[in-house]
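Here is the structure we will look at, set down as structure tokens.
We name chains A, B, ... by the order of the sequence lines, and we start the count at 1 in each one. Every heavy atom of this structure was used, including side-chain atoms; hydrogens, water molecules and symmetry mates were not.
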Number of protein chains: 2
Amino acid sequence: MQSKARIKDIAEHSGVSPATVSRALNGSSLVAEPTLSRIRETARRLGYRPNVNARNLRTQRSMSVLMLVRDVGNPFYLEVFKGIEAAARDAGYVVLMGNTENDAEREAEYFNMLDDGRADGMILMTGTLPAPERLVSAASEQSVVVALEMIENSTFPHVIIDNERAAAEAVEHLISLGHRRIAHIAGPLPEEMSTRRLAGYRRAMQAAGLDMPAELVRTGDFSLKSGELQGQLLFEQSEPPTAIFAANDEMAFGAIQAMAARGLTVPEDVSVVGFDDLSLSKAFQPPLTTVSQPRIEIGRTAMLRLLDLIEQGETSQAVTVLGTELIIRGTTAPPRHN
Amino acid sequence: MQSKARIKDIAEHSGVSPATVSRALNGSSLVAEPTLSRIRETARRLGYRPNVNARNLRTQRSMSVLMLVRDVGNPFYLEVFKGIEAAARDAGYVVLMGNTENDAEREAEYFNMLDDGRADGMILMTGTLPAPERLVSAASEQSVVVALEMIENSTFPHVIIDNERAAAEAVEHLISLGHRRIAHIAGPLPEEMSTRRLAGYRRAMQAAGLDMPAELVRTGDFSLKSGELQGQLLFEQSEPPTAIFAANDEMAFGAIQAMAARGLTVPEDVSVVGFDDLSLSKAFQPPLTTVSQPRIEIGRTAMLRLLDLIEQGETSQAVTVLGTELIIRGTTAPPRHN
DNA sequence: GTGAAAGCGCTAACAG
DNA sequence: CTGTTAGCGCTTTCAC
């Protein structure tokens, strides 16, 4: 096996010009049969692989996309990645992973990679746009699809769920069980996702004519630890809640941990609803009642939209809203003293 | 702002040759001061970004690495990714994500990407090597670091933990609590990782002179579901175990789920130990006793080794064994009837 | 310290 | 259907 056969080598070995080899290998219909298979055969024999950088330089494409998240460590993203990766592969693209850790500069850097020619487009899951002065080209000129988090005033296609509605449904479930003193542990505000889930909580509470004293609405940061802390604070109050709606599963787990530490049981003493339906949530004891989102589908759809954008310059759907489902499991029950 | 300033544009704007611009921007010491800052200034003003594909073609490097796993959906990888991403970024590399789903063809394809010039090296976490006949160049000629799973008879640097020893320690813990009928739910055999953990179980049992009847050693596939199934089977026996060592946390959760379904409590009726220490494991009720591995560190170290390989052609350490720790939490206790 | 020239490997006009 | 030619944007000899 040669070390790195080039198109030129194949051309010589099969007695044609490089152009013909290129055409043959790229499935151009303009190559005659005997030539075609001869070329293919030599390519195979020589272990030929097109040099991606040369091709990219020439075609001004990279056949790769970037997926950008705030925190790779968040288990929530896993299946979204999976959906993206599968759709990308099917279309012949590779996937670059970017992690911003909420750092605006990093985020800008990744945006600028689109100008470098390193990626043809990006799936943005950070919920934010870098400041224009940090960017080489206007963000709006890039092929970007926003997933999971809505970015207001942007013209990018979005693939999202209706966070407000889903949150309201979760709270309505608690209300229908008879709970009246329902707390909410929100995600980091004023992030869009957290804001919408909070709004859903408020909407449902209001519709039922229930009180929402400030001490029942707490803010966490989606981490286990913050759920634990806020759960703790919630039960140090004179009049603790009988139910909690946490803005994600991890905080729900944290809150349950805090309650266990105080000798409270779920759902007997307190009901808890989460959001996300992590793969482990059903294995929790008791299994967590939570809002399930179609994560793989979100990833897949976002990637398909991005392909439209890259290949057609536009996409059919500006905003795609995927459905959620409240999964009622073991952490919710009627309140004790009803 | 121009659309896509090239090095030539900067050269014209600052009255020098492209060569000088290239030198200036790449920090070559051969550029005189006045020229240097003039060039830098115009580059900034024009929003210049070097075209990555052109540079890659010229330098025959891609400044990107590939990380390959069996299943992106596995929460175990998250922090390993994080460690890899951070170390890669620091060194100016970007990270491509590859998912094989145990498909040998896909795995070979990713290997071949190293020949394409798409990535300069790879962190292999699948525990397997593609068949040589599928590969364009011999695998051994590539810059590859194996992480998490040992590949026997390969010359690649490895970054691993001592699975056998860690498993033995977990089982010793159960033995020291007084358990004698200890079951093991293994991962998929004959994968290296599963095999080593099983060996650790056997070693500890043997050392304590305990029986290992075949019905106490079951094989799962690391999934929640398989843990549930095997846990179920374990308790349908006439003489069920008093303790279970599961080869990963997910299967431990599954087993606990199965026991809960039969009205058994952990750790009162049965003790359970897992392996991995997923971020959610401490929030489980009761919190899971498990073996913790330094996942971020594994990722980071693997990336550093890979950089050695790419940049120096060799690395100091052939095999790096990172330490594990048995975290004793709430799922283990002395057996009921001792 | 700077410039001219070549070429990385590929694809896409344009001719024929 | 096939070959010739040019050039993507960059870095790097080699001269001066």
_With a cut-off of less than 4.0 Å, is there a side-chain N or O of A/Gln60 near OP1 or OP2 of D/dG9?_
yes
*Check each of B/Glu101, B/Glu107, B/Glu191 against B/Arg70 using the salt bridge (charged side-chain N to carboxylate O under 4.0 Å, His left out) test, and report the only one that passes.*
B/Glu191
*asked:* Expressed as a whole number of angstroms, how long is the span from B/Ile39:CD1 to D/dC10:P?
replied: 14 Å
_Side-chain N,O (B/Thr35) to OP1/OP2 (C/dT2) below 4.0 Å_ = yes
*Ignoring backbone atoms, establish whether B/Thr20 has a side-chain N or O less than 4.0 Å from OP1 or OP2 of C/dT2.*
no
*asked:* Nearest heavy atom decides the nucleotide; on that basis, is A/Leu57 or A/Leu36 closer to the 5' end of DNA chain D?
replied: A/Leu36
*C/dC8 C1' sits how many Å from A/Asn56 CG, rounded?*
14 Å
*asked:* If you compare every side-chain N and O of A/Tyr48 against the phosphate oxygens of C/dC10 (OP1, OP2), does one of them come in below 4.0 Å?
replied: yes
*Answer yes or no: is there a donor N or O on one side and an acceptor on the other, between the side chain of B/Asp71 and the main chain of B/Gly73, under 3.5 Å?*
yes
*Out of C/dA4, D/dC10, C/dA13, which nucleotide sits closest to the side chain of B/Ala54?*
D/dC10
*Figure out the CZ/C1' separation between B/Arg55 and C/dG9, and round it to whole Å.*
18 Å
*Kindly say if B/Ser17 contacts the phosphate of C/dG3, meaning a side-chain N or O under 4.0 Å from OP1 or OP2.*
yes
*Side chain of A/Val16 - closest among C/dA12, C/dG3, D/dG3*: D/dG3
*State whether A/Asn53 places a side-chain N or O below 4.0 Å from either non-bridging phosphate oxygen (OP1 or OP2) of C/dC10.*
no
*So, B/Ser14 side chain and B/Thr35 main chain: donor-acceptor pair closer than 3.5 Å or not?*
no
*Quick check: are there more than 12 heavy atoms from other residues, nucleotides or ligands sitting under 6.0 Å from CD of B/Glu12?*
yes
*B/Ala32 near the nucleic acid: base, sugar-phosphate alone, or nothing, with a heavy-atom cut-off under 4.0 Å?*
sugar-phosphate
*In whole angstrom, give the distance that lies between atom CZ of B/Arg23 and atom P of C/dG3.*
8 Å
*Does B/Glu141 have any salt bridge (charged side-chain N to carboxylate O under 4.0 Å, His left out) partners at least two apart in sequence or in another chain, and if so, which?*
none
*Can you find a donor-acceptor pair, distance only, under 3.5 Å between A/Arg49 side chain and C/dG9 base?*
no
*Between D/dT2, D/dT13, C/dC8, which nucleotide has the shortest distance from any of its atoms to the side chain of B/Arg58?*
C/dC8
_How many whole angstroms separate atom CG of B/Asp115 from atom C1' of C/dG9?_
15 Å
*A/Ala19, nearest nucleotide to its side chain (from C/dT11, D/dT4, C/dT2)*: D/dT4
*Scan A/Asn26 against the nucleic acid and name what it touches under 4.0 Å (heavy atoms): base, sugar-phosphate only, or nothing.*
sugar-phosphate
